[in-house]
Amino acid sequence: RAARNGDVAVRGYAPSMGQIFLRRFQLVTHFRQALDTGQVEVHFQPKIALRDREVIGVEALVRWSHPEFGRLDPDEFVPAVEATGLVDALTCFVMERALEQVRGWLDRGLRLSAAVNLSVRNLADEDFPDVVAEALGRTGVPPELLTFELTESGVMADPERALPVLRRLHALGVVLAVDDFGTGYSSLAYLRQLPVDEVKIDKSFVFGMGSDLSDMAVVRSIIELGHSLGLAVVAEGVEEDAVRDQLVGMGCDTAQGYLISRPLPPDRFEAWLRARTVRARGSRDRLVLTL
Ligand code: C2E
Ligand code: MG
Ligand code: MG
Ligand code: MG
């Protein structure tokens with residue numbers, strides 16, 4: 001990946017600390033401009049209810065195509081951006097695109113939610129809940145159609161600051177989800193004290209559950225724990241039919257993964273909805289995945 005994207009990559013050698021630092025510095029210095037010049041986009045990956053295959057919403061995921069560096073991996077540039085104040089601009093950019101999209105669906109009679117990933121810095125920003133309230137008010141999107149995904153490590157970095165922000169977000173009525181669950185501190189007692197509604201099982205456990213009994217046991221226990229705390233449970237990284245079937249059997253609520261769809265740019269997401277779902281008319285219209 002470094003060799004494809006980077007002008008500082010040295011083929012065949014692990015990059016030195018200096019090279020990593022330089023690369024991060026380049027990424028961050030280019031990011032502000034990237035936001036303003038259309039290099040940054042938001043893609044959407046569907047989430048489905050395992051019970052009845054209804055498409056219930058999307059996760060909004062940032063994408064950056066740089067004219068020289070090419071397509072950059074969020075796992076590389078998001079942490080670099082997160083280390084700076086620019087992450088506020090990233091979060092707002094993604095949230096605006098997500099709300100715009102949800103608004104568009106509502107205008108067509110579709111009730112789909114969108115999930116936006118937060119960084120540790122957003123959780124330390126006491127003005128952030130006001131920014132969210134303003135955006136919801138302006139777009140007229142009901143708060144329950146906006147989800148924020150946060151990681152355990154993001155909350156644990158500074159719980160004293162994160163908790164009041166989380167409480168205020170929750171009071172707005174937005175949905176809060178713990179992302180990558182199982183990879184962090186996994187303090188079960190702590191999870192009980194967070195104002196969260198949903199846990200997302202990390203994809204590393206979901207990938208393996210078809211063949212690895214210990215991964216299957218971890219997934220099963222997260223589902224049971226989540227349900228016993230009254231939380232909805234989402235599995236990310238669902239790539240195989242067999243895994244989806246196991247998750248259905250374990251009573252997992254929601255699935256997201258390449259089996260259903262990769263993250264797609266907005267126009268291709270609309271085409272996916274048209275091709276892969278049927279509209280079930282009822283008290284409210286629902287989109288259900290075809291077989
Ligand atoms: P995440 O929030 O855990 O997002 C899920 C990641 O898993 C996404 O990678 C998605 O494309 C990938 N994924 C989903 N289903 C499958 C599957 O079946 N197989 C495989 N192999 N992968 C699957 P992506 O888009 O590369 O993002 C990576 C991480 O970057 C995200 O992990 C999140 O931590 C961060 N990120 C992405 N967009 C944003 C953003 O807008 N803001 C912030 N703060 N972080 C973001
Ligand atoms: Mg996420
Ligand atoms: Mg995740
Ligand atoms: Mg992740």
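For ligands, and for the atoms within them, numbers begin at 1 and follow the listed sequence.
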For this output row, return yes or no: ring centroids of H30 and F69 closer than 6.0 angstrom.
yes
Might you work through the side-chain hydrogen bond (donor to acceptor under 3.5 Å, both in side chains) test for T183 and D202, ending with a clear yes or no?
CA-CA 7 Å; T183 59; D202 191 68; 4.7 Å; no
Please check if the number of heavy atoms outside E144 that lie under 6.0 Å from its CD is greater than 12.
yes
Mind checking whether L145 and R111 have side chains closer than 4.5 Å, heavy atoms only?
yes
If I consider every N, O or S atom in D179, which one ends up closest to the Mg ion (ligand 3)? I only need its name.
OD1
Can R262 be said to touch ligand 1, with heavy atoms closer than 4.0 Å?
no
Closest non-hydrogen atom pair, L231 against E198:
CD2-N, 4.1 Å
Do any heavy atoms of E82 fall under 4.0 Å from ligand 1?
yes
Restricting to heavy atoms, the pick from R97, E239, E236 nearest atom 5 (C) of ligand 1 would be E236
Angular separation of D180 OD1 and E236 OE1 about the Mg ion (ligand 3), given to 10°
150°
What part of V62, side chain, backbone, both or neither, has a heavy atom within less than 4.0 angstrom of ligand 1?
both
Looking at ligand 1, does F207 have a heavy atom less than 4.0 Å from it?
yes
Only heavy atoms of D179, strictly under 4.0 Å: list the atoms of ligand 1 that pass.
1 (P), 2 (O), 3 (O)
Mind running side-chain hydrogen bond (donor to acceptor under 3.5 Å, both in side chains) on K203 and Q256 for me, showing each step along the way?
CA-CA 10 Å; K203 55 181 179 288; Q256 176 183 344; over 6 Å; no
Residues, nucleotides or ligands: over 12 heavy atoms within 6.0 Å of E160 CD
no
Could you give me the CA-CA distance, side-chain angles and deciding distance for E270 and W105, then say whether side-chain hydrogen bond (donor to acceptor under 3.5 Å, both in side chains) is met?
CA-CA 10 Å; E270 293 302 320; W105 288 323; 2.8 Å; yes
Using the rule that two of Ile, Leu, Val, Met, Phe, Trp, Tyr join whenever any of their side-chain heavy atoms come within less than 4.5 Å, decide whether F77 and L61 are in one cluster.
no
Which option wins on minimum heavy-atom distance to atom 33 (C) of ligand 1: L259, N117, N122?
N117
Does D125 pair with R121 as a salt bridge, N-O distance under 4.0 Å?
no
Could you name the option among V243, V81, L61 that has the heavy atom nearest to atom 10 (C) of ligand 1?
L61
Does the ring center of F148 lie less than 6.0 Å from the ring center of F128?
yes
Quick one: angle E149 OE1 - the Mg ion (ligand 2) - N117 OD1, to the nearest 10°?
100°
Atoms in ligand 1 flagged as close to P263, the criterion being non-hydrogen separation under 4.0 Å
11 (O)
Under 4.0 Å from a heavy atom of G237: which atoms of ligand 1 are those, numbered in the order shown and with their elements?
15 (N), 16 (C), 17 (C), 18 (O)
Please work out whether any backbone atom (N, CA, C, O) or any side-chain heavy atom from C-beta onward of K200 is under 4.0 Å from ligand 1, and answer side chain, backbone, both or neither.
neither
Of V206, D180, D75, the residue with the heavy atom nearest atom 3 (O) of ligand 1 is D180
Of all N/O/S atoms in E59, the name of the one nearest the Mg ion (ligand 2)
OE2
Ligand-residue contact atoms, ligand 1 with V78, heavy atoms, under 4.0 Å:
43 (C), 44 (N), 45 (N), 46 (C)
What atoms in ligand 1 come closer than 4.0 Å to a heavy atom of G257?
15 (N), 18 (O)
